Each structure stands twice: as structure tokens, then as C-alpha cells.
Enquirer: 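Shown below is the structure under consideration.
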Number of protein chains: 2
Amino acid sequence: MPNRAAASDSGVPVGSALSIGDLANAAETKPVTIRYYERMGLLPVPPRTSSNYRAYSEVHLHRLRFIRRCRDLGFTLEQVEDLLTLSSDEHRDCAEVDRLAAAHLVAVQTKIADLTRLAEQLRQISRSCRGRRTIANCRIIEALSPQ
Amino acid sequence: MPNRAAASDSGVPVGSALSIGDLANAAETKPVTIRYYERMGLLPVPPRTSSNYRAYSEVHLHRLRFIRRCRDLGFTLEQVEDLLTLSSDEHRDCAEVDRLAAAHLVAVQTKIADLTRLAEQLRQISRSCRGRRTIANCRIIEALSPQ
DNA sequence: GCTTGACCCTATAGTGACTATAGGGTCTAG
DNA sequence: CTAGACCCTATAGTCACTATAGGGTCAAGC
């Protein structure tokens, strides 16, 4: 946490606003991506400085980190939006969020199974090359052609 | 119930030519995808019938199946092109093909590892929901927020 | 004061591997 | 002769960015 020491926002409007580059560094992403999220309506439009630079606050950083974390976990931006909407209502049923996460887990597990099968096939294909020298008597291409 | 059956067109030596739909069925893909591969230069441009329909032969089917199989194995179209080029030279060293397959295997294994870690995190997130009722005291959103 | 270079802005186009849509033409069974 | 399944082209859309072009802003060093 190399950021934000005090900054209790009482009175002073913007102690030190974050530039888009600061925000990008703090959330381990890039300015273009942040602008993209803004265009997509995932990040609220920030105020601008006199020179038209975006001026972000901690609220933006928190939300952006949430988005990035969800993306890292493989959620689509649409799912992230759902999660953000759900989380904005304190009284909403927690189960709905859980359902989303669980459904995603199933998708991930399916993908792992698929890739595991695929890896086995690739190992077999590699094995079929042993001891051959040229394409003419290599079995890889045939292994790649079904039947 | 219309079927296109075997419209014996021009005197093509190999039995009857395949329509794009036939080819799609035979390779378990779709006409649009086949046209896309043609545009991308992966499938040779086929002759046309008098009514401007594409007329494919077994050679096209073999090549298309190869492409689809490679795609199913997770190769990019660029890699598929490389494999096709390699396989066209009978005297080329087999090791190069093997290297491609091996490199791809590593990429697949990395992805499996990533997804496995991700699945574990999702399971934890789901666990953190147990016994809560509303977002207000559910820990999922916090679990999704880093730190 | 001036330059350098790192940063910021917008708008547009490109990526990969398709998918969808619009607006037609062809073929064949009933 | 018509319904509807198939074929054609061309264009735009998808997802989540990434790249490019063509500018404006700002702090540091000379």
C-alpha cells in the first residue's frame, strides 16, 4: 500500500487528485484501459482540471481495483457490471452474488477440464514425432488430421 | 423437406463436388467460417458452379478438417498457417513442427495453472458468503476488492 | 526564456476469430 | 409456381482492449 496516507476529506475539496497515470499505476493497469472503462460506463466520469485532465479520487481507485480484480478472475465486463450493481444495494440478497460466482466457478472448471484433455493430446502429438526426421515420416501432421 | 443431395454439376472427376454447406457439415463448422478462412487465405479458392456456388473437393475437406482440429487444440490461425506450410514440405525437419506443438503445450499448461488458482479463489469467495443474508454483511464484494 | 520529454487529450482504426445483418440470387419438392 | 432451404456479397458488430495520429500541458534543466 504505497499510497494515500491521511486525506480525510473534510473541507479540502481535493487534497491531491490522482491523474489518470497515477490511477493506472495504483491499479496496475493503463490509462487507455481506464478511458475505455469510462466510455463503457463502468467508471464514473471524473471531474477535470483546468487543463482538461481527468482528476480522480480514492473512490475511483477503489472501484477500478474492484473491476481489475474481477477481470483477473475471468469475469466479463458485463458480469463485473452486474456485480457492481448488486453490491451497490446493501439490502439485496447476498445469494445472488454467490450464484454469479458459483456459475463462474463452474465455467472455469469446465475450461480446466477441456485444457487438460487438450494438453494430453498435445503430449501424444509430440511423442509421435520421436525418432522421425522429416515431415515425410513424421506423424504429427497426421495426428493433427482427424481420422 | 428440401435437400440439396448430389447435384452432379459439371464433369468434375471426383464424384460430385461439395457445396459449402456440405463441406461445413462434413467438417462440423459453418459456411460463414469457411468463407472467412478463404478470405484469410487458409483455404484455397475453390472453383465455382455456373450459378456461382463454391464447388469443393475432398482436398478442401481434408485441409478444412486439419484447420478445425488445430483450432480445437487451441492453435491460432497464424499457427495453423505455419503448420500447413511446414507440412507441405516433405523434406523439412520434423523437429520444427514438434517445437511448435511443444511450445503450445507449455502455453496450455500455464493457462491450466492460472485457471486452477483462479478456481480456488472463486471457491473461497463463495465460502465467504455462507451465513450472511444481505450485501451489507456479505463478504463477497470485499473478497473481490483486493486487500 | 526555451527546449526536452513525460505526461495528458480526442478520435479513429485495428486485433482475432468469428457472428450477424441486409439484400439479393438459385434450386427443388410439392 | 411458390415456399423455403440453400447460396452469394458486402458491411458492421462482438469483446476487451491496443495502436496510431495529431495535437495540448507541464515541470525540470539549460
Side-chain angles (χ1 to χ4, degrees), chain A residues 14 16-43 45-56 60 64 66-84 104 107 111, chain B residues 1-10 16-43 45-56 60 64 66-84 104 107 111 114:
Chain A
V14 191
S16 58
L18 297 154
S19 75
I20 198 170
D22 295 337
L23 196 72
N25 283 337
E28 293 179 291
T29 182
K30 287 182 246 163
V32 270
T33 304
I34 293 171
R35 284 191 281 258
Y36 172 73
Y37 290 161
E38 181 183 318
R39 263 203 318 287
M40 294 299 108
L42 275 150
L43 263 185
V45 175
R48 300 289 184 117
T49 67
S50 53
S51 54
N52 203 31
Y53 286 16
R54 288 171 179 81
Y56 293 101
H60 293 98
L64 177 58
F66 181 87
I67 297 169
R68 288 309 306 164
R69 169 106 170 104
C70 290
R71 291 288 303 126
D72 286 346
L73 288 170
F75 289 98
T76 66
L77 285 187
E78 206 185 343
Q79 289 172 321
V80 177
E81 235 191 317
D82 289 349
L83 286 168
L84 283 165
H104 186 49
K111 199 157 215 171
Chain B
M1 200 164 286
N3 66 24
R4 77 228 88 65
S8 52
D9 202 72
S10 54
S16 57
L18 297 155
S19 74
I20 197 170
D22 296 337
L23 196 73
N25 283 337
E28 294 178 288
T29 181
K30 286 182 246 165
V32 269
T33 304
I34 294 171
R35 284 190 281 258
Y36 172 72
Y37 289 161
E38 182 183 317
R39 262 203 320 286
M40 293 300 107
L42 276 150
L43 263 185
V45 174
R48 299 290 184 116
T49 66
S50 53
S51 52
N52 202 31
Y53 286 15
R54 286 169 180 82
Y56 293 101
H60 293 97
L64 177 58
F66 181 87
I67 296 168
R68 288 309 305 165
R69 170 105 169 104
C70 290
R71 289 289 301 126
D72 286 346
L73 288 170
F75 289 97
T76 66
L77 285 187
E78 205 185 344
Q79 289 172 321
V80 176
E81 234 190 319
D82 289 350
L83 286 167
L84 283 165
H104 185 49
K111 199 158 215 171
D114 288 351

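Just so it is clear: chains get the letters A, B, ... in the order the sequence lines come, proteins before strands, and each one is counted from 1. Model, not experiment: these values are computed from the prediction.
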Enquirer: How close or far is atom P of D:dC6 from atom CG of B:Leu23, stated in whole angstroms?
Expert: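 Spelled out: CG on B:Leu23 to P on D:dC6 is 15 Å.
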Enquirer: Mind calculating the distance between CG (B:Asn52) and P (D:dT9) to the nearest angstrom?
Expert: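 Those two atoms, CG and P, are 6 Å apart.
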Enquirer: Would you tabulate the side-chain donor-acceptor contacts of residues 74-82 of chain A under 3.5 Å, counting partners in other chains and residues two or more places apart, or write 'none'?
Expert:
| from | atom 1 | to | atom 2 | distance (Å) |
| --- | --- | --- | --- | --- |
| A:Thr76 | OG1 | A:Glu78 | N | 3.4 |
| A:Thr76 | OG1 | A:Gln79 | N | 3.1 |
| A:Gln79 | OE1 | A:Thr76 | N | 2.9 |

Enquirer: Could you list the residues that satisfy side-chain contact (heavy atoms from CB on, under 4.5 Å) with B:Asp114, not counting sequence neighbours?
Expert: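 So B:Asp114 forms a side-chain contact (heavy atoms from CB on, under 4.5 Å) with B:Thr110, B:Arg117.
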Enquirer: Could you tell me how far apart A:Ile34 (CD1) and D:dC17 (C1') are, to the nearest whole angstrom?
Expert: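 It works out to 13 Å between those atoms.
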Enquirer: Write down the distance between OH (B:Tyr56) and P (D:dC6), rounded to a whole number of angstrom.
Expert: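 For the pair B:Tyr56 OH and D:dC6 P, the rounded distance is 16 Å.
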Enquirer: Under the side chain to side chain donor-acceptor pair (under 3.5 Å) rule, what pairs show up with a residue in residues 24-35 of chain A, not counting sequence neighbours?
Expert: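 Qualifying pairs: none.
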Enquirer: Atom CD of A:Glu38 to atom P of D:dC17: distance rounded to whole Å?
Expert: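 Going from CD in A:Glu38 over to P in D:dC17 covers 16 Å.
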Enquirer: Tell me, for nucleotides 17-22 of chain C in 5' to 3' order, what letter each nucleotide earns: B for a base near a protein heavy atom under 4.0 Å, S for only sugar-phosphate near one, - for neither?
Expert: BBS---
Enquirer: Strictly below 4.0 Å: does A:Arg54 bring a side-chain N or O up to OP1 or OP2 of C:dC8?
Expert: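 So the side-chain polar atoms of A:Arg54 never come under 4.0 Å of the phosphate oxygens OP1 or OP2 of C:dC8.
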Enquirer: Give a yes or no answer on whether the side chain of A:Asp22 reaches the backbone of A:Ser19 with a donor-acceptor pair at less than 3.5 Å.
Expert: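 Yes, A:Asp22 side chain to A:Ser19 backbone: donor-acceptor pair under 3.5 Å.
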Enquirer: Once rounded to the nearest 0.5 Å, what's the spacing between atom OH of B:Tyr37 and atom CG of B:Leu42?
Expert: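 It comes to 7.5 Å.
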Enquirer: Can you name the atoms? Protein N/O to nucleotides 23-29 of chain D N/O, anything below 3.5 Å, with the distance.
Expert:
| from | atom 1 | to | atom 2 | distance (Å) |
| --- | --- | --- | --- | --- |
| D:dG24 | N2 | A:Tyr53 | OH | 2.8 |
| D:dT25 | O4' | A:Tyr53 | OH | 3.1 |
| D:dT25 | O3' | A:Ser51 | OG | 3.4 |
| D:dC26 | OP1 | A:Ser51 | OG | 2.8 |

Enquirer: Write down the distance between CG (A:Asn25) and C1' (C:dA6), rounded to a whole number of angstrom.
Expert: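 So the two atoms are 13 Å apart, to the nearest Å.
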Enquirer: Looking only at heavy atoms, which two atoms of A:Pro46 and A:Ala55 are closest? And how far apart?
Expert: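 Between these two residues, the closest heavy atoms are CB-O, 3.7 Å.
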Enquirer: With heavy-atom distances below 4.5 Å as the criterion, would you say the side chains of B:Ile34 and B:Tyr56 are in contact?
Expert: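 Sidechains of B:Tyr56 and B:Ile34: in contact.
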Enquirer: Taking atom CG of A:Leu83 and atom CZ of A:Phe66, what is their separation to the nearest 0.5 Å?
Expert: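 Interatomic distance, A:Leu83 CG to A:Phe66 CZ, rounded to 0.5 Å: 5.0 Å.
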Enquirer: If I take atom CG in residue A:Leu43 and atom P in nucleotide D:dA16, what distance separates them, rounded to the nearest angstrom?
Expert: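 After rounding, the gap between these two atoms is 15 Å.
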Enquirer: Once side-chain contact (heavy atoms from CB on, under 4.5 Å) is applied, do any residues pair with A:Ser51, and if so which ones, sequence neighbours excluded?
Expert: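 With sequence neighbours excluded, A:Ser51 shows a side-chain contact (heavy atoms from CB on, under 4.5 Å) to A:Thr49, A:Tyr53, given in chain and number order.
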